[in-house]
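Structure record follows, encoded as structure tokens.
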Amino acid sequence: MSIRRILAILCALIALTMPALAEEQEDDMTNLEFFKSLHFDDGLSVVTEVFSRFPLQYAATLGLDGNAQIRPIEFKFEKDGVLYFDTVVFYTSYSELIAHPYIQLCVCDQETMTYVRLGGKVNFTNDADIINRCFESSEVLTSQFGNNRSVVIGYYLTEAWAEFSSFLPELPSRTYSLTNKYDQE
């Protein structure tokens, strides 16, 4: 079975079985109202808005032993159409992503039976501006590593795609290709 197929199956299982915790919303918008407000013609904004509202995503990688691995991660930010994340150089996930540079992420809202999956090829970067922005975007990262930025490595996705799906009839199901400037290189 291919790596992509294994990751797709894992993300589908997560979407069906693991609810994501939504951040408290200042505007008291329900999750259904939030999803209805999305601009479904713009896949990048759908992903960034959903990942911002549900800050904990579950990521599937292929382990060094060939078995699927799932772990919680945080989307950090989007800049110029590129989605950024990070990991730590001594984490198992870093070794896994070097060996098998594809990842899938999933977030699910159990209340509306709606989920977003994101997948793509991982490309690492040590760019100081990217690492600093990852720290600015994450209290968790800052609390774990303080100013020790040397152990954190950023990454962005190429060959990125996303899927928005809901079991509610009033919400569409969409699939997006999220090409960015690095896909052209």
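E33 and D28 get closest at one heavy-atom pair: OE1-O, 4.3 Å. The minimum heavy-atom distance between L44 and L178, with the atom names listed, is N-CD2, 3.6 Å. Of all non-hydrogen atoms in T114 and S166, the two that sit nearest each other are OG1-OG, 2.8 Å. When every heavy atom of S138 is checked against every heavy atom of K76, the shortest pair comes out as CB-CE, 3.5 Å. In terms of heavy atoms, F34 sits closest to M29 at CA-SD, 3.2 Å. Residues F51 and Q57 share a closest heavy-atom pair of O-NE2, 3.4 Å.
Classification of the F54-F35 ring pair by plane angle, with boundaries at 30° and 60°, yields parallel. Taking the six-membered ring where tryptophan is involved, the planes of Y84 and F77 are essentially parallel, since the angle between them stays under 30° and well short of 60°.
At least one side-chain heavy atom of L38 sits under 4.5 Å from a side-chain heavy atom of V50. For the pair Q104 and W161, the minimum side-chain heavy-atom distance is below 4.5 Å. Side-chain atoms of V140 and T142, non-hydrogen and from C-beta on, never get closer than 4.5 Å to each other. Looking at heavy atoms from C-beta onward, L141 lies out of side-chain contact with S143 at the 4.5 angstrom threshold. Taking 4.5 Å as the limit, every side-chain heavy atom of V107 sits out of range of all side-chain heavy atoms of Y115. Between K181 and V82 the shortest side-chain heavy-atom distance falls below 4.5 Å. When side chains are defined from C-beta on, Y155 does not count as touching N123, because their heavy atoms never get closer than 4.5 Å.
Using a distance-only test at 3.5 Å, with no hydrogens or angles considered, no donor-acceptor pair links the side chain of D42 to the main chain of H39. Distance alone, capped at 3.5 Å, places no donor-acceptor pair between the D183 side chain and the T158 backbone. The closest donor-acceptor contact from the side chain of N132 to the backbone of A128 lies under 3.5 Å. Looking only at distances, a side-chain donor or acceptor of S137 sits under 3.5 Å from a matching main-chain atom of R133. Distance alone, capped at 3.5 Å, places no donor-acceptor pair between the D86 side chain and the F135 backbone.
Between F85 and Y156, the ring center distance fails the sub-6.0 Å criterion.
T48 and E78 share no side-chain donor-acceptor pair at under 3.5 Å.
Note that CG of L118 is 8.5 Å distant from CD1 of I103, once rounded to the nearest 0.5 Å. One distance of note links OG of S95 with NE2 of H100; it measures 10.5 Å at 0.5 Å rounding. Rounded to the nearest 0.5 Å, atoms CG (L83) and CG (N180) are 7.5 Å apart. Of the inter-residue distances, the one linking D109 atom CG with T30 atom OG1 reads 9.5 Å to the nearest 0.5 angstrom.
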- Begin with the C-alpha distance, continue with both residues' side-chain angles, and end with the deciding distance and a verdict on side chain to side chain contact (heavy atoms under 4.5 Å, CB included) for N31 and R53. CA-CA 9 Å; N31 288 348; R53 183 171 178 100; 2.8 Å; yes
- Message: Does I153 form a side chain to side chain contact (heavy atoms under 4.5 Å, CB included) with T125? I'd like the steps, not just the answer.
- Response: CA-CA 6 Å; I153 188 162; T125 179; over 6 Å; no
- Message: Applying side chain to side chain contact (heavy atoms under 4.5 Å, CB included) to L105 and Y58, what does each step give before you reach the verdict?
- Response: CA-CA 5 Å; L105 295 90; Y58 291 91; over 6 Å; no
- Query: Can I98 and F124 be said to form a side chain to side chain contact (heavy atoms under 4.5 Å, CB included), step by step?
  - Reply: CA-CA 9 Å; I98 288 174; F124 291 105; 3.9 Å; yes
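In terms of the side-chain contact (heavy atoms from CB on, under 4.5 Å) criterion, residue partners of E96 (sequence neighbours excluded) are, by chain and number, T61, L64, Q69, R71, T92, S93.
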Compile the donor-acceptor pairs under 3.5 Å between side chains in residues 168-176 and protein atoms, sequence neighbours left out, one pair per line.
{"unit_1": "R174", "atom_1": "NH1", "unit_2": "F40", "atom_2": "O", "d": "2.9"}
{"unit_1": "R174", "atom_1": "NH1", "unit_2": "D41", "atom_2": "OD1", "d": "3.3"}
{"unit_1": "Y176", "atom_1": "OH", "unit_2": "F40", "atom_2": "O", "d": "2.7"}

